[in-house]
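Below: the structure, in structure tokens.
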Amino acid sequence: MEMKVNLGKDSYPIYIQQGLLDEVLGYIKPIFQGNKIMIISDNQVFSYYGEKIETQLKKEYEVGHIVVPHGEQSKRFDILPELYNELLSFQLTRTDLIIALGGGVIGDLAGFVASTFLRGVKFVQIPTSLLAQVDSSVGGKVAVDLPAGKNLVGAFKHPSLVLIDPLTLKTLEKRFISDGMGEVIKYGCIFDADLFQQLACYTSFDELYQDIDEIIYRCVDLKRDVVEKDLFDFNDRLALNFGHTLGHAIEQYYHYEKYSHGEAISIGMVQLTRIAEAKGLTKVGTADQICDVLKIYQLPTVSHLKTSDLKQAMAVDKKNIYKKLSYVLLHAIGQSYIYPSDLTFIDEVEEV
Ligand SMILES: NC(=O)c1ccc[n+]([C@@H]2O[C@H](COP(=O)([O-])OP(=O)(O)OC[C@H]3O[C@@H](n4cnc5c(N)ncnc54)[C@H](O)[C@@H]3O)[C@@H](O)[C@H]2O)c1
Ligand SMILES: O=C(O)C(=O)C[C@@H](O)[C@H](O)[C@H](O)COP(=O)(O)O
Ligand SMILES: [Zn+2]
């Protein structure tokens with residue numbers, strides 16, 4: 001399956017195909033005529049797929065790799081000098097290429113490095129986690145975390161190509177399949193009630209896997225559409241942040257150790273929808289509907305944290321624009337809207 005993200009001179013193709021990792025060289029050659037390629041990956045992903053990709057690319061290019069420890073801790077701002085130094089030692093130039101091979105952490109980190117090193121180097125995404133295949137590898141948001149919060153230093157950097165091989169999900173831990181399902185369910189909540197209903201009907205992960213290529217395609221297509229309408233995230237694209245205001249704050253509160261991104265936004269989607277229901281801003285029963293579907297995929301729906309504990313991290317949310325913090329709410333499943341308010345939005349409801 002093939003799709004194109006239409007962004008004028010920054011347009012790029014996305015290929016979704018089982019077994020595609022065996023043909024990486026064939027996809028890279030038409031888009032890259034330079035000399036050197038640096039693969040950035042994490043230790044787990046590289047141990048599974050690094051050699052397969054390097055062996056192919058070495059037939060045509062000089063190839064190096066940078067392997068960081070797996071997990072969100074590698075998406076720290078202060079890891080950057082180490083990475084830039086490795087690129088300097090490899091003598092990567094502005095006409096060379098960086099490949100992100102891994103989950104969302106690697107895509108965001110390698111993408112940020114590619115957007116800043118020498119003021120920008122060509123970049124390819126090879127997402128290997130479900131979350132990265134349905135969400136983070138598309139749309140051009142790249143970033144690193146600061147101690148104060150998630151993704152606080154970043155850029156919009158478009159890949160030249162996205163290569164999605166759903167077979168890589170075979171080696172992904174079940175916890176991270178669930179993690180990715182958090183974002184898949186998000187798409188259903190904000191844009192696609194039919195997708196939401198479909199997700200409510202699977203009775204096992206095995207059943208889900210049978211349709212996974214089609215589900216990945218559908219999510220990527222929904223993201224492509226909204227990114228093309230509002231690339232810089234001031235209007236329609238904000239919907240993709242449903243559950244993230246609280247979710248990012250929950251991740252940061254526990255120093256990224258307790259909840260993965262997909263788990264934290266699952267809690268965020270439910271918690272915010274409960275608040276919106278209590279205020280008459282969302283159809284009653286919607287939070288329970290979301291809870292029921294999240295539970296099928298073994299995702300958490302409650303954190304037992306007080307929303308007041310999360311305010312500091314919420315204050316730096318990037319939806320804090322036009323002097324208001326915008327919340328993404330649902331009228332009902334499949335219908336999202338933006339509700340400008342402030343941090344007291346969550347206080348008032350604790351009293352309800
Ligand atoms: N840029 C965006 O638009 C965007 C969108 C959503 C999330 N994100 C970011 O993505 C990150 C989360 O991504 P993630 O959930 O992929 O986390 P991750 O990159 O940490 O991957 C999860 C775990 O799975 C392992 N893994 C990945 N692919 C594997 C495979 N095929 N086989 C075996 N193990 C594999 C990794 O080593 C890691 O331990 C967060 O930092 C989040 O903020 C960004
Ligand atoms: O692509 C987007 O836009 C998103 O919001 C997708 C989110 O799933 C993702 O987690 C994103 O990184 C959050 O962006 P941020 O702007 O809140 O850092
Ligand atoms: Zn997300």
Side-chain angles (χ1 to χ4, degrees), residues 1 14 16-21 41-49 70-72 74-75 100-108 125-138 162-190 192 195-223 240 242-244 247 250-251 256-270 290-303:
M1 287 185 275
I14 300 169
I16 304 170
Q17 179 77 50
Q18 296 205 4
L20 179 156
L21 286 198
S41 190
D42 75 32
N43 60 321
Q44 293 197 153
V45 175
F46 198 78
S47 72
Y48 284 114
Y49 304 107
H70 67 95
E72 185 75 23
S74 284
K75 222 181 97 174
L101 172 67
V105 163
I106 291 300
D108 281 13
Q125 287 265 21
I126 306 185
T128 60
S129 68
L130 180 60
L131 183 143
Q133 295 184 350
V134 297
D135 190 347
S136 64
S137 61
V138 177
V162 181
L163 298 177
I164 300 178
D165 183 347
L167 279 186
T168 60
L169 304 181
K170 298 253 183 224
T171 54
L172 188 66
E173 270 177 53
K174 187 99 150 288
R175 177 183 178 198
F176 290 106
I177 296 288
S178 297
D179 184 54
M181 287 309 292
E183 299 278 19
V184 174
I185 294 163
K186 174 192 80 177
Y187 285 112
C189 290
I190 56 177
D192 191 339
L195 173 63
F196 188 89
Q197 281 317 320
Q198 181 182 335
L199 299 174
C201 293
Y202 290 107
T203 55
S204 69
F205 278 93
D206 283 344
E207 219 180 282
L208 170 77
Y209 285 135
Q210 313 220 322
D211 293 339
I212 204 73
D213 296 17
E214 180 248 322
I215 290 172
I216 294 169
Y217 184 92
R218 189 138 162 197
C219 294
V220 170
D221 198 35
L222 288 166
K223 183 152 185 182
L240 296 174
F242 178 50
H244 285 58
I250 292 168
E251 281 182 84
Y256 310 102
E257 282 165 4
K258 187 171 165 93
Y259 294 110
S260 67
H261 180 70
E263 291 167 349
I265 64 139
S266 297
I267 298 167
M269 292 191 284
V270 174
I290 301 173
C291 259
D292 290 346
V293 176
L294 291 171
K295 282 179 184 159
I296 297 175
Y297 301 96
Q298 295 160 19
L299 284 160
T301 55
V302 60
S303 73

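This chain uses plain numbering: 1 for the first residue, then up along the sequence. All figures in this text were calculated on a predicted structure; none of them were measured in a lab.
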Run the side chain to side chain contact (heavy atoms under 4.5 Å, CB included) test on Ile267 and Val302 for me, step by step, so that the C-alpha distance in whole Å, both residues' side-chain angles and the decisive distance to 0.1 Å come before the verdict. CA-CA 5 Å; Ile267 298 167; Val302 60; 5.5 Å; no
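- If you check the side chains of Glu72 and His261, you find no donor sitting under 3.5 Å from an acceptor.
- The shortest non-hydrogen separation linking Met269 to Gly182 is CE-O, 3.5 Å.
- Taking CZ from Phe46 and CG from Leu101, the interatomic distance works out to 7.5 Å, rounded to the nearest 0.5 Å.
- In this structure, Asp165 has no side-chain hydrogen bond (donor to acceptor under 3.5 Å, both in side chains) partners at least two apart in sequence or on a different chain.
- Considering all non-hydrogen atoms of both residues, Leu131 and Gly262 come closest at CD1-N, 4.3 Å.
- For the pair Ala100 and Gly107, the tightest heavy-atom approach, listed with the atom from each and the gap, is CB-CA, 4.0 Å.
- Put simply, the side chain of Asp42 gets close to the backbone of Val45: a donor and an acceptor are under 3.5 Å apart.
- Atom-to-atom distance recorded for Glu257:CD and Glu251:CD is 12.0 Å, nearest 0.5 angstrom.
- Residues Asp135 and Tyr187 are in side-chain contact: their nearest non-hydrogen atoms beyond the backbone lie under 4.5 Å apart.
- One finds a salt bridge joining Arg175 and Glu263 here, because a Lys/Arg side-chain nitrogen approaches an Asp/Glu carboxylate oxygen to under 4.0 Å.
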Chi angles and distances behind the side chain to side chain contact (heavy atoms under 4.5 Å, CB included) call for Val220, Ile164: CA-CA 11 Å; Val220 170; Ile164 300 178; 4.3 Å; yes
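- The residue from Leu208, Ile215, Ile212 that alone fulfils the side-chain contact (heavy atoms from CB on, under 4.5 Å) condition with Leu130 is Ile212.
- Checked by atom type and distance alone, the side chain of Gln133 pairs as donor or acceptor with a backbone atom of Pro127 at under 3.5 Å.
- With sequence neighbours excluded, the residues satisfying side chain to side chain contact (heavy atoms under 4.5 Å, CB included) with Asp221 are Met3, Tyr217, Arg224.
- For Ser137 (side chain) and Ala132 (main-chain N/O), a donor-acceptor pair under 3.5 Å exists by modelled atom type.
- Side-chain N or O atoms of Lys186 include one that pairs as donor or acceptor with a backbone N or O of Leu240 at under 3.5 Å.
- Residues Asp213 and Gln18 form a side-chain contact, since some pair of their non-hydrogen atoms from C-beta on lies under 4.5 Å apart.
- Not a single donor-acceptor pair under 3.5 Å links the side chain of Lys223 to the backbone N or O of Val134.
- In this structure, NZ in Lys174 is found 14.0 Å from CG in Asp179, a value given to the nearest 0.5 Å.
- Nearest heavy-atom pair across Val270 and Leu294 is CG2-CD1, 3.5 Å.
- When only modelled atom types and interatomic distance are considered, Thr128 and Tyr48 share no side-chain donor-acceptor pair under 3.5 Å.
- Taking Asp108 as the reference, Lys75, Ser136, Asn151 meet the side chain to side chain contact (heavy atoms under 4.5 Å, CB included) condition, with sequence neighbours excluded.
- To the nearest 0.5 Å, atoms CE (Met1) and CG (Leu20) are separated by 11.0 Å.
- Here the CD atom belonging to Gln298 is positioned 11.5 Å from the CD1 atom belonging to Ile177, to the nearest 0.5 angstrom.
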One pair to check against side chain to side chain contact (heavy atoms under 4.5 Å, CB included): Lys295 and Thr301. What are the steps and the verdict? CA-CA 8 Å; Lys295 282 179 184 159; Thr301 55; 4.1 Å; yes
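- Here CD1 of Ile190 is found 8.5 Å from CZ of Phe242. Values are rounded to the nearest 0.5 Å.
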Assess whether side chain to side chain donor-acceptor pair (under 3.5 Å) is satisfied between Ser266 and Tyr297, documenting all intermediate values. CA-CA 11 Å; Ser266 297; Tyr297 301 96; over 6 Å; no
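- Heavy-atom minimum distance, Val293 versus Leu199: CG1-CB, 4.2 Å.
- The two residues Tyr49 and Leu167 have their closest heavy-atom pair at OH-O, 4.4 Å.
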